[in-house]
Amino acid sequence: MPELITPQGKHSISAILFDKDGTLLQFISLWGSWSECFLEQFTCQLAGRGLEFPVQHRASLLGTVHDAGGRITGYDRNGPLAMGTMNDLYAILSWQGYLLGLSWAESKELVELCRQEADALLERSRPVFPLPGLLRFLDQCAASGVALAVVTADETAAAENHLRWLGIRGYFSAVIGTDQVERGKPFPDMALLACEQLGVQPAEAAVIGDTNGDMRMAKAAGAAVAVGIAGTASVAAADRGISGVTGTVVDAGVTGAADPVTGITNAAGTGAYGVITDAVNTAGYGTIMDTVDTAVNGGIMDTLDTAANDGITNAGNAVAARYLLPDADCIVKSYAELSIGRNAR
């Protein structure tokens, strides 16, 4: 029987269920482009009706991080853009139009126009790129006879397109979009349907994803193991659930504040991470004990590396990854830390 080999151990599996965005393909290149176009069109459509969409609401609306020029550079892994269905996103924008004075029908029509423009942009540019090490890992899975499926909050037709653009559609025996089930993530419906189509039991399947919604779906479905892809998660990013921002404080959508993070410096934020020991609390966050300070700032102790990192080599980033993916059984930075073997029994 094939085995999924992770930094925490080996798991006998027959199948792997992959999230799509942020797990198979780079999130910002695709959804950053789509969201920028959508929000720009939304702003212009409102302006044409004599309405102004407040700039300060852009980041908090979908859970995105914008630079000074308005480009999207990061996202909240547990926010609407990362975890919501497409209908969730359309409803959020429609609600904003309604709040600004449009009727609900007018607002929905406006959002549909924006969607068409954003989708057309993606079709022209096809900004899809695989995560590092993905193709090697998919080849290993195929060579070992592991059945593969995609379970995504995106709609099935769009997901099929993105996989074809990336040239990896042939690896997957099933593609399950949120439009195929009654309930999306974090509920188990997509994972259960994927297992049914693959002809395996959920306990024989691993789930790999980049959000805690993926991890919770795996748990609810009774999957063999839930593996979180941490990517570039950082301490500063995790302070607000934001991914893709390094050394930046993101406060309710406000970006650009310098943050010389050399450990955990904010008492409230530190408490929220959930993996900081009582010893740190005793130290008072300001004069952190040498052992903890050393572990967090670069000279990682073996015990902390084993217990907290789950394959992540930087202790500060390991804390951030665990904060963003608290329900993961294992957290890795990239596919370089995963491989497929075979159980000799």
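From a predicted model like this one, the values you see are computed outputs, not experimental measurements.
- No hydrogens or angles considered: nothing links the side chains of D67 and T73 as a donor-acceptor pair under 3.5 Å.
- Here the shortest heavy-atom pairing between I92 and P80 reads CD1-CB, 3.6 Å.
- Relative ring orientation between W34 and W31 is described as perpendicular, the plane-to-plane angle rising above 60° on a 0-90° scale split at 30° and 60°.
- Put simply, the side chain of S144 never gets that close to the backbone of C141: no donor and acceptor are under 3.5 Å apart.
- In this structure, E36 contributes its side chain and I72 its backbone to a donor-acceptor pair below 3.5 Å.
- Looking only at side-chain heavy atoms (C-beta outward), R169 and V175 come within less than 4.5 Å of each other.
- Residue W95 comes nearest to S107 through the heavy atom pair N-OG, 4.5 Å, listed as atom of the first residue, atom of the second, then distance.
- Of the inter-residue distances, the one linking Q96 atom CD with L46 atom CG reads 9.5 Å to the nearest 0.5 angstrom.
- Taking each heavy atom of R136 and L338 in turn, the nearest pair found is NH2-O, 3.1 Å.
- Side chains of E106 and S103: a donor on one and an acceptor on the other come within 3.5 Å.
- With hydrogens and angles disregarded, a donor-acceptor distance shorter than 3.5 Å links the side chain of E337 to the backbone of K333.
- F137 has its side chain within reach of I208: a pair of non-hydrogen atoms, C-beta onward, lies under 4.5 Å apart.
- Comment: E3 does not engage R342 in a salt bridge, judged by the lack of any side-chain N to carboxylate O separation of less than 4.0 angstrom.
- Between the side chain of R49 and the backbone N or O of Q45, at least one donor-acceptor pair lies under 3.5 Å.
- Using a 30° and 60° split on the angle between ring planes, F172 and F18 fall in the perpendicular class, above 60°.
- No option in T178, D19, T152, T211 other than D19 meets the side-chain hydrogen bond (donor to acceptor under 3.5 Å, both in side chains) test with K185.
- A side-chain donor-acceptor contact under 3.5 Å links R322 to the backbone of A328.
- The two residues S339 and Q140 make their nearest non-hydrogen contact at CA-OE1, 3.2 Å.
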Take I13 and E204, measure what side-chain contact (heavy atoms from CB on, under 4.5 Å) needs, and give me the verdict at the end. CA-CA 5 Å; I13 58 165; E204 302 174 60; 5.9 Å; no

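- A salt bridge links R216 and D327; the closest N-O separation between the charged side-chain nitrogens and carboxylate oxygens is under 4.0 Å.
- Once rounded to the nearest 0.5 Å, the distance linking NE2 of H162 with CG of D21 reads 7.0 Å.
- P326 is listed as a side-chain neighbour of N212, based on a closest heavy-atom distance under 4.5 Å.
- The pair K108-E112 fails the salt-bridge criterion, with no side-chain N (NZ, NE, NH1 or NH2) lying under 4.0 Å from an Asp/Glu carboxylate O.
- Between the R77 side chain and the D210 main chain, a donor and an acceptor come within less than 3.5 Å of each other.
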